[in-house]
Amino acid sequence: MKDELLELKTRVLKKLESVAERSDLEKLRQSYLGRKGFLTLLLKRLEELPKEQRPAIGRLANQVKEELTEEFQSVSDSLTRKDAKEVSALDITLPGRRTPTGHLHPITQITEEICTIFVKLGFQVVQGPEVELDYYNFEALNMPKDHPARDMQDTFYISDNVVLRTHTSPMQIRIMENTSPPVSIVAPGKVYRPDSDISHTPMFHQVEGLLVDKGVSFGDLKGTLTTFAHQMFGPDTDLRFRPSFFPFTEPSAEVDIRCVVCQGKGCRVCSHTGWLEILGSGMVDPEVFKIVGYDVESISGFAFGMGVERIAMLKSGLDDIRLFFENDIRFLQQF
Ligand code: PHE
């Protein structure tokens, strides 16, 4: 019987080692220490023993029972600790985790800001194709096939007559073709040129503007663009209209604002000129009016085109245009 007791103890201890669930522990307790358990039944058989053996075996039996009871308790305790850990890993009182929501890209934000200013001045927002016919991108803008002005705007050709537009100016033609004057539109969108460096990306954004009516003068162009610059960069911003050339405007002017970084003293951002170019503009060339069938005698108009990235960079003091398109969330979140 002594051997039986010791063997039973070893067996139970072994089984306890692999218990992982409280229900298994309870089953094991029932089958050994329970009312009809092995140990209980064994103890009942004490009476069958010769009298002189009973005390010693009885002591051993009690000792085994005590030891096993203690072991059951310690396994039970460690299960409790494990449960507690699992509960704390799943703390239902913690606040929920918010799914991060994005926001508009900084370039989209600035595009909307630009358009909003012109909408308040009475312009209408229109959009057109990025894959454009050579005719709209060049030809109808007074840039015939062999015109040297095309060199400045070399582009990606889809086929001989289909290109990725190099500017938003084709929208001037598309709108005038379909509308009789007066016309006042702004056309935001993507444009493409094969340049890539710190201040050029092969894809960038422009906002085009066109206003055609009876008696539109260069004064109207100046007033409109000055109002725009004051709204965009602040009412104290100085402007400079610099004579320039575009095949589809005559006369043409590039517009600079006083450097927002050094206030005109001269710095790296403005290449020590004190001025920053923000857009190209001019009075619509009569040749363009003729192409779309407008009566050059009774109307006139102005047009302008600005680079959105450039304006965004000036507003936020950035010096590398590529940041906008690297999609680094740490950069984008700052807007
Ligand atoms: N399309 C010209 C460019 O991309 C800008 C421009 C637009 C100039 C309208 C004059 C009038 O450089």
Side-chain angles (χ1 to χ4, degrees), residues 101-121 123 125-128 130 153 164-169 171 185-210 224-242 244 253-264 267-271 273-281 303-335:
T101 38
H103 60 63
L104 292 179
H105 190 277
I107 293 302
T108 311
Q109 292 181 32
I110 296 287
T111 304
E112 287 188 355
E113 213 177 303
I114 295 169
C115 289
T116 303
I117 294 173
F118 286 105
V119 164
K120 285 182 186 160
L121 292 172
F123 288 76
V125 180
V126 296
Q127 276 176 294
E130 291 166 26
Q153 299 196 358
L164 294 188
R165 67 178 179 189
T166 58
H167 51 177
T168 40
S169 300
M171 285 308 289
I185 55 106
V186 280
K190 291 185 168 66
V191 300
Y192 302 83
R193 289 184 202 178
D195 312 312
S196 187
D197 60 41
I198 184 167
S199 55
H200 296 88
T201 46
M203 182 282 302
F204 61 104
H205 297 75
Q206 287 191 334
V207 175
E208 189 80 8
L210 173 70
T224 306
L225 293 179
T226 304
T227 304
F228 163 75
H230 286 176
Q231 299 256 330
M232 198 69 192
F233 297 103
D236 300 326
T237 312
D238 283 334
L239 265 75
R240 179 168 84 162
F241 288 76
R242 224 168 0 93
S244 183
E254 270 167 318
V255 177
D256 300 340
I257 58 167
R258 180 90 69 190
C259 180
V260 287
V261 178
C262 64
Q263 266 74 43
C267 69
R268 206 170 59 89
V269 176
C270 59
S271 316
T273 61
W275 295 95
L276 297 162
E277 184 190 322
I278 58 163
L279 57 85
S281 66
F304 56 87
M306 63 184 84
V308 179
E309 282 77 5
R310 183 147 181 92
I311 292 190
M313 285 165 80
L314 295 179
K315 276 198 80 131
S316 51
L318 289 168
D319 57 5
D320 189 342
I321 189 176
R322 294 169 296 197
L323 285 167
F324 287 120
F325 307 116
E326 280 167 357
N327 273 347
D328 187 332
I329 201 87
R330 293 166 302 179
F331 170 76
L332 296 174
Q333 271 169 343
Q334 296 176 51
F335 292 87

Enquirer: List the steps and the verdict of salt bridge (charged side-chain N to carboxylate O under 4.0 Å, His left out) for Asp195 and Arg193.
Expert: CA-CA 6 Å; Asp195 312 312; Arg193 289 184 202 178; 5.8 Å; no
Enquirer: Quick one: closest heavy-atom pair of Trp275 and Cys270, and the distance?
Expert: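 Shortest heavy-atom separation between Trp275 and Cys270 comes out as O-CB, 3.5 Å.
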Enquirer: Once rounded to the nearest 0.5 Å, what's the spacing between atom CD of Glu277 and atom CG of Leu314?
Expert: 10.5 Å
Enquirer: For Lys190 versus Arg165, what's the shortest heavy-atom pair and its separation?
Expert: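 Looking at all heavy atoms of both residues, the shortest contact is O-NE, 2.7 Å.
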Enquirer: Less than 3.5 Å apart, which donor and acceptor atoms pair up between the side chains of residues 225-234 and the rest of the protein, not counting sequence neighbours?
Expert:
| from | atom 1 | to | atom 2 | distance (Å) |
| --- | --- | --- | --- | --- |
| Thr226 | OG1 | Lys222 | O | 2.5 |
| Thr227 | OG1 | Gly223 | O | 2.7 |
| His230 | NE2 | Thr237 | O | 3.0 |

Enquirer: If I take atom SG from residue Cys115 and atom CD from residue Gln127, how far apart are they, to the nearest 0.5 angstrom?
Expert: 8.0 Å
Enquirer: Walk me through it: do Glu130 and Met203 pass the test side-chain contact (heavy atoms from CB on, under 4.5 Å)?
Expert: CA-CA 11 Å; Glu130 291 166 26; Met203 182 282 302; over 6 Å; no
Enquirer: Output the distance between atom CZ (Phe304) and atom CG (Leu279), rounded to the nearest 0.5 Å.
Expert: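 Those atoms lie 7.5 Å apart.
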Enquirer: Which atom pair, heavy atoms only, marks the closest approach of Val125 to Pro188?
Expert: CG1-CD, 3.8 Å
Enquirer: Sequence neighbours left out, what pairs pass salt bridge (Lys or Arg N to Asp or Glu O under 4.0 Å) with at least one residue falling in residues 225-241?
Expert: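 Of all non-adjacent pairs touching residues 225-241, those that pass salt bridge (Lys or Arg N to Asp or Glu O under 4.0 Å) are Asp238-Arg258, Arg240-Asp256.
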Enquirer: Closest heavy-atom contact between Phe123 and Leu210?
Expert: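 Heavy atoms of Phe123 and Leu210 come nearest at CE2-O, 3.8 Å.
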Enquirer: Which distance, rounded to the nearest 0.5 Å, do you find between the CE of Met313 and the CG of Leu276?
Expert: 10.5 Å
Enquirer: Could you tell me whether the side chain of Gln206 and the main chain of Gly305 form a donor-acceptor pair under 3.5 Å?
Expert: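 Checked: no pair found.
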Enquirer: Restricting to non-hydrogen atoms, name the atom on Ala312 and the atom on Ile107 that form the minimum distance, rounded to 0.1 Å.
Expert: CB-CD1, 4.1 Å
Enquirer: Are the side chain of Arg310 and the backbone N or O of Ile278 linked by a donor-acceptor pair below 3.5 Å?
Expert: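 Looks like no, no N/O pair under 3.5 Å.
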Enquirer: Kindly give the heavy-atom pair with the smallest separation between Val207 and Thr168, and that separation in Å.
Expert: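 Heavy atoms of Val207 and Thr168 come nearest at C-OG1, 4.0 Å.
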Enquirer: Do the side chain of Ser271 and the main chain of Thr273 share a donor and acceptor less than 3.5 angstrom apart?
Expert: no
Enquirer: Would you call the rings of His205 and Phe325 parallel, tilted or perpendicular, taking 30° and 60° as the class edges?
Expert: parallel
Enquirer: Please report the interatomic distance OG(Ser281) to CE(Met306), rounded to the nearest 0.5 Å.
Expert: 9.5 Å
Enquirer: Among Thr201, Leu332, Leu318, Val308, whose side-chain contact (heavy atoms from CB on, under 4.5 Å) with Phe324 holds?
Expert: Leu318
Enquirer: Run the numbers on Gln109 and Phe335 for side-chain contact (heavy atoms from CB on, under 4.5 Å), then give the verdict.
Expert: CA-CA 9 Å; Gln109 292 181 32; Phe335 292 87; 4.2 Å; yes
Enquirer: If only atom types and distance count, is the side chain of His105 paired as donor or acceptor with the main-chain N or O of Asn327 below 3.5 Å?
Expert: no
Enquirer: Measuring only between side-chain heavy atoms, which start at C-beta, is Val191 closer than 4.5 Å to Thr166?
Expert: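 Val191 does not reach Thr166 side chain to side chain.
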